[in-house]
Each structure stands twice: as structure tokens, then as C-alpha cells.
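The chain is numbered in sequence order, starting from 1. Counting starts at 1 for both ligands and their atoms, following the listed order.
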Amino acid sequence: MKKIALIGFMGSGKSSVGRILIEKLGGRLVDTDARIVEKAGTSINDIFEKHGEAYFRNLESEVLKETLESDATVICTGGGIVLRDENRKMLNELSKVVYLKASAKTVYDRVYNDESRPLLKGKKSVEEIQSMMDSRQELYDDCAMYTVVTDNKSVDKIVAEILEL
Ligand code: S3P
């Protein structure tokens, strides 16, 4: 069976959905952000602050490749995984890509109190989130095999929809 990779903007529900999905499917769940933190031995905020975004993106591609070649069955990715062509290509070749699509308002409600995302620091309005989302929209659509809208849905409902697909 091919792996399932969850993509989507920050706060779209990838991690929560991944945790329930793996309970239903069995196998091994890998969260690429968590692997990056493990490898780097420090937080994502710290990686961005000390080494910059390009360094983070290199680590992200490296971790994605390792994960896609491993026995992982469900992969939760970081919201920016789609930014690199090579990542989208690898995801398409080696997994079934499910795009969790949330509105800017949903994302805002989920992230406004959370300081763990360097790219949202000082950018916490629905409009700013919308504009960042717009700049990535084409990439998510391009990479997605399936799209599930997550607004106003419970995690169980989202997982049920993915299992149906
Ligand atoms: C990022 C999303 C984050 C994390 C990093 C960059 C992005 O992951 O990888 O802060 O560029 O969208 P989540 O989508 O899990 O928040």
C-alpha cells in the first residue's frame, strides 16, 4: 500500500488528523517537522533564527526523502513542503497526497495564540494569512491527489472522509 502524505497550510489540521488516521490504518506515522527538530536538536523557531529559512528547507527536503523511502505509512508535512518542485515531485511519486484545505479564518483561529511558527510571527491577521495562503494555493492544488476541506469539521469526520477516498 502506498503511503498517505498530508499537506496543507499551517493550522489546517495535519498533525491531529495524522494521529487519528494512523490509529485506524496502523503502521508508522512520521511528522516531518518533528523529525527536523530531532535531527537539528533544536526548535523550528531556533533553526529559522540561527540558520535561516533556506537551511530549514534543505533539512525539510532531506527528511522528506528519508521518510518517503522508509516504512512510514502516514506522513504529516510542514505547510511549506510544497514550495520546492523536488518535494512535490517526490510526494507525487511515492505517496497518495491528501491536501487538507482550511480557510484563512479557520487557520487564524487555530494559530493566533501559538508562537511556534516563525513564518507567522507578526503576521497574525486573517488578511495576512489569506495573502500567504494565496501565494501557495497553486502549489497545494498542483501537488494534491485528493482535497478535503477541514473547516467546521471534527478530526474524526475528516479522517472518515480520507478513509473513504
Ligand atoms: C511552515 C510550516 C510549519 C513548519 C515551519 C514552516 C510553512 O509546519 O514546517 O514553521 O512554511 O508553512 P506546520 O504546517 O505543521 O505548522
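Residues R35 and T67 have side chains that never bring a donor and an acceptor to within less than 3.5 angstrom of each other. For the residue pair N58 / E62, no side-chain donor-acceptor distance below 3.5 Å is found, with atom types taken as modelled. S116 and D114 share a donor-acceptor pair across their side chains, judged by distance under 3.5 Å alone.
The atoms of ligand 1 that sit less than 4.0 Å from any heavy atom of F56 are 5 (C), 9 (O). The D33 neighbourhood of ligand 1 comprises atoms 3 (C), 4 (C), 8 (O), 9 (O), 13 (P), 15 (O), with distances under 4.0 Å to a heavy atom of that residue. For ligand 1 and R136, the ligand atoms under 4.0 Å from any heavy atom of the residue are 7 (C), 11 (O), 12 (O). Within ligand 1, the atoms closer than 4.0 Å to a non-hydrogen atom of K14 are 13 (P), 14 (O), 15 (O), numbered from 1 in the order shown. Those atoms of ligand 1 with a heavy atom of L119 less than 4.0 angstrom away are 7 (C), 11 (O). Proximity to G78 (heavy-atom distance under 4.0 Å) selects the following atoms of ligand 1: 8 (O), 9 (O), 14 (O).
Distances from atom 10 (O) of ligand 1 to the heavy atoms of S116, G79, P118 put P118 nearest. Nearest to atom 6 (C) of ligand 1 by heavy atom, out of R57, E53, E60, is R57.
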Requested in this report: Could you walk me through whether Y99 and V82 pass the side chain to side chain contact (heavy atoms under 4.5 Å, CB included) test, one step at a time?
Outcome: CA-CA 11 Å; Y99 168 34; V82 295; over 6 Å; no

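In this structure a side-chain-to-backbone donor-acceptor pair under 3.5 Å is present from K14 to G8.
Residues R19 and E23 are not paired through a salt bridge, judged by the lack of any N-O separation under 4.0 Å between the basic side chain and the carboxylate.
Using a 4.0 Å cut-off between heavy atoms, R110 makes no contact with ligand 1 at all.
Considering backbone and side-chain atoms together, R117 places an N or O closer than 3.5 Å to an N or O of ligand 1. At least one N or O atom of G80, backbone or side chain, sits closer than 3.5 Å to an N or O atom of ligand 1.
Proximity of I4 to L25: side-chain heavy atoms (C-beta onward) are separated by under 4.5 Å at one or more points. Within the 4.5 Å cutoff, the side chain of E53 has heavy atoms near those of the L119 side chain.
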